[in-house]
Structure formats: C-alpha cells, structure tokens
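Remarks on the structure that follows.
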Amino acid sequence: MSKEENSQILVRKEKLSALIAAGVPGYPNDFRPKQSLDFLLSQFGQEKNGETLAGVQVCVAGRIVLYRHFGKLTFATLRDATADMQVAVQRDEVGVDLYNNVFRKLDVGDWIGVEGTLFRTKTDELTVRATRFQLLAKALRPLPEKWHGLEDIETRYRQRYLDLIVNPEVRTLFKTRSKIISLMRNSMEQHGFLEVETPMMHPIPGGAVARPFVTHHNALDRELYLRIAPELYLKRLIVGGFEKVFEINRNFRNEGLSTRHNPEFTMMEFYQAFTDYHELMTFIEQLLCHVVAAIHGGNLVVEHHGRRIDFTPPWPRLTLQEALIRFADAPPEHTRDRGGLEVLATRYGVEAKEEWADGELLLALFDAVVEGKLIQPTFIKDYPIAVSPLSRRSTLDPHAADRFELFIGGWEIANAFSELNDPQDQAERFHLQVKAKEAGDHEAMHFDEDYIRALEYGMPPTGGAGIGIDRLVMLLTDSAAIRDVILFPQMRSRDSG
RNA sequence: GGGCCGUUAGCUCAGUCGGUAGAGCAACAGACUUUUAAUCUGUGGGUCGUUGGUUCGACUCCAACACGGCUCACCA
C-alpha cells in the first residue's frame, strides 16, 4: 500500500463513486449558506426567557469534524470559518433512503450544507435539527486524529491547510497577524501617510546590509535581485515630493534560516519629511502602543516566553555606550577608546577584528552582550557611522549617526534614522561600501548612481524607519518561532534535498 | 555550517537483552433516537525515513545520506 493510496483513501473514493452513481454529485456548487455558525451561536447560544427556537429556519455550511452515531440519529460537529456548531440529523426527519445511503456514507472532513431549525439538547447545547442536507465537497483523505490532532511540526508547516483545519488556535493566530497589519496600515493612513508599492526586483540590491537572491530576466537578458529592502525607492519618492510614504511588504535575504529568520519576511518601512530620529522614537512608541492595546484589549502588558513585557511609554532611550555600561557592567572609560573596548571584548569572548573601526567593535560587543537582555522596549541610539551607510551624520559627532534601533524581548524590532540627504556624503559612503565588497564582504552595498542622482535633486530633511512585522507578531502572539507566524514558511525540499 | 535529539499504521504514540510489530483514535461489518473524544462486539491495515554494514537472524547494533526539532555561529 503506497503512502499516497492508503486504504482509507480508496474507501473514500469508492464511497464517492457510489454517491455519484446514485445521483449525488460530489462537488456541486449551488448551495449558499445564509448564516455563519458564529452568528447563530451569538444570536441564540444563550437561552432567553420566553424564547422559541422552533420557528427559526437556518441554512448553514461547514466541514464535518466529528461524528456521534446512534443508529437512527447522528450528531455531527460542523466547522465553518467562524465557529464549531452541532448538527443533529435524524433518519425520520430527512428520510430513510437519504439517511442510510447518503448521510451515513459521509466522512469526517467532508463539507456539507444543512437546512433546518434550531433546538436545544438536553445539555442545553444549541443545535441545528436538519430537515435537509447536501454534500458540498467530498474529502478523499482522512483528517488527523480527533483528540491529539496534528502535532508533527514538520507536517504542520508543510501542509499548513491541515494545521488550519484541525488546530483552531492556528487560525486565531493568523487572524491576529492580519489584524496587527491592518491596525498599522490604518494608523499610518490616519497620520497622512500614503501607501505605495515599490519594485520587488531590483537591478541593484540596496537599502540594507545583506546578501540578495539573484534571478534572471530573459527578455532583458540581465540579472535582477529580489529586494533586500525598499528603502532607496521610498526615499526617491520623498525626493519626488511625497512627504509621507509607507510600504508593508516582503523583503528577501539569502541567509540562514532560524527560529527568528525566514528568507522572506515582512517589513513596514515609512519615510516622513521634516522629522528626525528623536521624533520617530515617539511616533513608533505611540504606533506600537496603539497596536498592542488594540490586540490585548487595552492592556499594554504582554506575556512573552513567560516574561512580562510592559509597553507603557515612555521607553528608555540609551546610547550604545550607556547600554554597554548598564547591561554589560562595563566601566564608562572602557567604552570610550580602543584599548578599553578591547579589554571588554576579551572579557566577553568577542573577537576584535583589526580592520574594524571602533564603532564596529562597540556594536559587536552590544550584539553579543546586551541585545538579548533588552526584554522591555528600549531604544538604543547613536550608532557608529561605520555601520550606518544610509544614516545622517550627527551634527555633534562626525563618527556617530542619527540612528536608533528598538529592542523588545531581546530582539531587534525596528531600525530608524534621520536620513542622509547630502548626496556627496552618500556617494562617499557608497564608495566605502564598494571597497568593502571588493575586499570580500558579500553583504556590503553596491554603488547606486541613480539614487545619488535623486539626492542631487534635493531630498528634504527626512526621518525613516523599518519595523519587522513577523517579530512583532511573534511578540504579540507569544510565538517561539518565526515559522509559527508565517503561513507557508520556507522548507527544504523533501525529494531532491 | 557545527553540536545534540528525533523519524514505527491515515493521526498520536509504545516496542524489554538482537529472535520478522503493538495500543488508542481513524477505517470496515454490526448494535444503538440526546451525544459532546458517545458506547459496545468483531475485522482489516506496516518496505519500522533511505542505502549499506555486522550477524545464523536487525525496528533494535554500526556507518553514510535525507528530512525535521533544539542550540551555537551569521543576519532582521
């Protein structure tokens, strides 16, 4: 017996053939439900005084997920997009022939339509008493076991439809994801931002430090790159005169997979003229608080991995140095010069590469020692210029960028900065990136001449930010792996390896 | 990429010291008109991830490979 044709599938195919032979179509499309199950439960689920259900005619559709047979009576649990509800089918109500030869030939997993009236069982459960039923779509494969359901993690990811059928909490999670994105989109629109779509295929990959996926366009006979970030296109739109734009869409990075990394992931990036990174901190604080409160019923405290994360503003704003002093127990003087940083690197087992600028070493120390400790929402600001090739140079310190990142639950959630709008400075930064690329850094940026040309036409002073949607959803749904919040996560091929 | 763990019926899982495989659910046949994982009686269902090796004999021991999980490294 092959895996694809086990005996249960054969039995179901034979049942389908028998039904069709008896004039019952297996996949008709002429049934229209009139009520959702959730609607019926909310309207009639709670008993009211003097209520009579007998006259309430209903017409519903759903998938059979459970059966309880009693000879001449069957209870079935129906599941539609909104809820589960019980249906009672009686032989004497629908007719002996239909009951014995059609209804009893149905299986768990089949879609059916049911017309009937409402009643309450002895245990007070609201139930549809069927006067008529119809097969809507025959299922040829058996569903996973009714009690344990589908627990195999690999199958849940590879066959997400099955996961969604039998694990209602997975449906709830993805509804929450959708709601989070909707809240962010509405919020941005209310603040006057214009939603735009920029290319997913880039002739020059840019806007982030990452390895891109490469593809080939036949007609143009040229390489194209799946975008690693929309940043440079969105800022071209600021040059073009849109003063507030945002995009919620996918980025693609050709890097390893982990519980926090999927090759394609969703970011919201937004750019606003006449603002800076300090004002963006306040904006993001308000935006995320709005989302968290809406998702958690007004509550700003979220449970995550057994820890309480309190989103109540204002959130701490620390410089990289301050964070290292506080969370890495570093003496202040050690964060100020090369020698001190190298002492810290030795203490924490961080490799201090010779070619690194001081700022790069500082950041490496932060990543290794501090990042994972930033559980409560915390802004870390004033990043080194060396690792911020698109950020505005600080007016006070030419080695610092007007940039911050937001950390929550030990993860980087947002990255934002005052944008570099000096075309000559930007060109110099690109040159440095190209030099790094030539020295073997695969993640370094290309020189984007058209972007420089755009800046040469004048970009107003601007602030911009990117917020990682998948990680935000993980935080707000208490998920352990990014694959749990992506419907179809990337998996290795089973056949060709 | 490294380390550790896992892969047995459609699903969830047992399988002792190496002697050719078990349960529950699901399926099939039957009983049953108020169940909630209904219950009761009976029946069928397996290339034990793949390929090699050791052995008289391998689900079991060994090796390689595939896929997955956790974790470290890199990144967001």
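No hydrogens, no waters, no symmetry mates; every other heavy atom, side chains included, goes into these values.
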If [N] has a Watson-Crick or G-U wobble mate with both distances under 3.5 Å, name it; if not, just say none.
N	result
B:rU39	B:rA31
B:rC25	B:rG10
B:rU54	none
B:rC4	B:rG69
B:rC17	none
B:rG44	none

With heavy atoms under 4.0 Å as the rule, sort [X] into base, sugar-phosphate or nothing.
X	result
A:Phe119	base
A:Val166	nothing
A:Arg120	nothing
A:Gly466	nothing
A:Asn254	nothing
A:Thr77	nothing
A:Leu66	sugar-phosphate
A:Met491	sugar-phosphate

Can you tell me if [X] touches the phosphate of [N], counting only side-chain N or O atoms and a distance under 4.0 Å to OP1 or OP2?
X	N	answer
A:Arg158	B:rG68	yes
A:Arg68	B:rU35	no
A:Lys146	B:rG24	no
A:Arg156	B:rG68	no
A:Arg91	B:rU33	no

Looking only at atom [atom1], what distance separates [N] and [M], rounded to whole Å?
N	M	atom1	value
B:rG19	B:rG3	P	32 Å
B:rA14	B:rU51	P	24 Å
B:rU12	B:rU7	C1'	14 Å
B:rG15	B:rA23	C1'	11 Å
B:rG24	B:rU41	P	10 Å
B:rU47	B:rA21	P	13 Å
B:rC59	B:rU16	C1'	13 Å
B:rG44	B:rC25	C1'	16 Å

- Establish whether the base of B:rU36 is bridged to the side chain of A:Glu125 by a donor-acceptor pair shorter than 3.5 Å.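 Pair found.
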- Task: Spell out yes or no: do the side chain of A:Glu145 and the base of B:rA26 have one donor N/O and one acceptor N/O closer than 3.5 Å?
- Result: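 Counting by modelled atom types and ignoring angles, no donor-acceptor contact under 3.5 Å is found here.
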Separation of [N] [atom2] from [X] [atom1] (nearest whole Å):
X	N	atom1	atom2	answer
A:Glu154	B:rA66	CD	C1'	10 Å
A:Asp107	B:rG10	CG	C1'	12 Å
A:Gln8	B:rG46	CD	P	12 Å
A:Glu151	B:rG6	CD	C1'	15 Å
A:Gln490	B:rC67	CD	C1'	14 Å
A:Asp152	B:rC70	CG	P	13 Å
A:Lys72	B:rU34	NZ	C1'	14 Å
A:Arg250	B:rA76	CZ	P	19 Å

[Y]/[X] salt bridge by N-O under 4.0 Å criterion:
X	Y	value
A:Arg211	A:Glu255	no
A:Arg227	A:Glu247	yes
A:Lys235	A:Glu231	yes
A:Arg250	A:Glu264	yes

Tell me if the [atom1] atom of [X] is crowded by more than 12 foreign heavy atoms within 6.0 Å.
X	atom1	answer
A:Glu169	CD	yes
A:Met201	CE	no
A:Lys373	NZ	yes

With the side chain of [X] defined as its heavy atoms from C-beta on, choose the nearest nucleotide among [options].
X	options	answer
A:His148	B:rA76, B:rU35, B:rU12	B:rU12
A:Arg483	B:rC67, B:rG69, B:rA38	B:rG69
A:Lys15	B:rA27, B:rC70, B:rU12	B:rA27
A:Glu255	B:rU71, B:rA37, B:rA76	B:rA76

- Query: Is the cationic atom of A:Arg177 (NZ for Lys, CZ for Arg) positioned less than 6.0 Å from the six-membered ring centroid of A:Phe174 and within 45 degrees of its normal?
  - Reply: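 No, A:Arg177 does not lie over the aromatic ring of A:Phe174.
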- Hey, which sits more toward the 5' end of RNA chain B by its nearest nucleotide, A:Arg12 or A:Ile482?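 First, find each residue's nearest nucleotide; the 5'-ward one identifies A:Arg12.
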- Message: If you assign A:Pro144 and A:Thr127 each to the RNA chain B nucleotide with the nearest heavy atom, which residue ends up on the more 5' nucleotide?
- Response: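 Here A:Pro144 is the residue nearer the 5' end.
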- Stacking between A:Phe70 and the base of B:rC32 (centre distance under 5.5 Å, interplanar angle under 30°)?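 So no, this residue does not stack on that base, at least one cut-off failing.
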- Item | Pi stacking test for A:Phe265 and B:rA76: under 5.5 Å apart, planes under 30° |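 A:Phe265 ring centre within cut-off of B:rA76 base, planes near parallel; stacks.
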- Aromatic centroids of A:Tyr233 and A:His202 separated by under 6.0 Å: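 Yes, close enough.
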- Using a 90° cut-off around 0 for syn, call B:rU60 syn or anti.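 Anti.
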